Amino acid sequence: MSLVPPIRWPAEDIWQAVSPSIPDFSVEIVPTIDSTSTELMRRARAGRTEPVLLVAERQTAGRGRLGRGWQSDAGEAGDTLTFSLGMPLAPADWSGLSLAVGVAVAEALHPRIGLKWPNDLWWQDRKLGGILVETAGVPGEGGGPAPRYAVVGVGLNIATPAADGMRTPPAGLRELEPGLTAALALGRVAAPLVAALQAFALGGFGPWRARFDRRDVLARRAVQLSDGVQGTACGVDADGALLVETAPGVRQAVRSAEISVRPAMQPVRG
């Protein structure tokens, strides 16, 4: 059995790209961890809120939205890319942050990657990856929005995983770009993601809305909410809420993290 060569992560290149704007930024690479996001949230609760990019070659207890698992302990190292970015932020409004993150990641990776509200990256109606945003309180000075420590977790399929037991079939980034590696993908995404969080802190979701619309895979599709309500997805509003037309002229803004959206795979005509 041949040995798999170690992954050569571009940690130094990422640090050089980010450190001019965030001097205390650091990059950490670990071979195995339960969850990069869980670890950064543990640190934040212990008072450690320094800006950091934490990358794991394998996760044993990765987490997705609504408590779903995101496993990366199967297959070869490098078949998935899992990392979390933690940094203090104080935007006037946090609404739409996960959508802005999705836009930044998709734009950095490939023009054909779509976004499924609120936090999935899709290609050809299959899931390429997901995003999880969490925050923890941090001490701050008065006079402006209260800062919080934002932890942005990203999981991406590099190789296409088996679809066993998955409700949504998976896709892999190598289907779009055969030579792509986890290290190359991280090098493309990390610095733009930091810049996106900084821009969001200054301007909120508004500047990202049109960019999300261009990649919105639910637009004009029939959808069903978890409470059984059916309708047609009509983009997102200025706060990043999904707009669903449930009857002619009646639109519902979907904001709750407890609402899941299942798309019908045929676009609505007209």
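Values in this document were obtained by computation on a predicted structure and should not be read as measured data.
Applying the side-chain hydrogen bond (donor to acceptor under 3.5 Å, both in side chains) rule to T135 yields the partners R148; only residues at least two apart in sequence or on another chain are considered. For V229, the side chain to side chain contact (heavy atoms under 4.5 Å, CB included) partners at least two apart in sequence or on another chain are L225, D227, T246, Q252. Take R214 and apply the side-chain hydrogen bond (donor to acceptor under 3.5 Å, both in side chains) test, not counting sequence neighbours, and it matches no residue. Partners of P91 according to the side chain to side chain contact (heavy atoms under 4.5 Å, CB included) rule, which considers only residues two or more places apart in sequence or in another chain, are L89, W94, F200. Applying the side chain to side chain contact (heavy atoms under 4.5 Å, CB included) test to L176 and every residue at least two apart in sequence or in another chain returns H110, R112, I113, W123, L128, L173. Residues forming a salt bridge (charged side-chain N to carboxylate O under 4.0 Å, His left out) with E50 (at least two apart in sequence, or on another chain): R48. With sequence neighbours excluded, the residues that form a side-chain hydrogen bond (donor to acceptor under 3.5 Å, both in side chains) with D237 are R255. In this view, E175 and R126, T160 satisfy the side-chain hydrogen bond (donor to acceptor under 3.5 Å, both in side chains) rule, not counting sequence neighbours.
Side-chain contact between D79 and I158 is absent, with no heavy-atom pair separated by less than 4.5 Å. Using a 4.5 Å heavy-atom cutoff, the side chains of V151 and L132 are not in contact. Counting heavy atoms from C-beta outward, K127 and P170 have side chains that stay 4.5 Å or more apart. With contacts defined as side-chain heavy-atom distances shorter than 4.5 Å, the pair R188/L180 qualifies. W9 is not listed as a side-chain neighbour of V27, based on a closest heavy-atom distance of 4.5 Å or more.
Listed by first then second residue, pairs satisfying salt bridge (charged side-chain N to carboxylate O under 4.0 Å, His left out) with a partner in residues 87-99 number zero, not counting sequence neighbours. Applying the salt bridge (charged side-chain N to carboxylate O under 4.0 Å, His left out) test to residues at least two apart or on different chains, none of the pairs has a partner in residues 196-207.
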N/O donor to acceptor pairs below 3.5 angstrom from side-chain atoms of residues 97-108, sequence neighbours left out:
{"residue": "S98", "atom": "OG", "partner": "P118", "partner atom": "O", "Å": "3.3"}
{"residue": "E107", "atom": "OE1", "partner": "R211", "partner atom": "NH2", "Å": "2.7"}
{"residue": "E107", "atom": "OE2", "partner": "R211", "partner atom": "NE", "Å": "3.1"}

If you look only at distance, which donor and acceptor atoms sit under 3.5 Å apart when one is on a side chain in residues 201-210 and the other is two or more places apart or in another chain?
{"residue": "R209", "atom": "NE", "partner": "V236", "partner atom": "O", "Å": "3.0"}
{"residue": "R209", "atom": "NH2", "partner": "V236", "partner atom": "O", "Å": "2.9"}

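Here the closest heavy-atom approach between residue V30 and residue I33 is recorded as CG2-CB, 4.1 Å.
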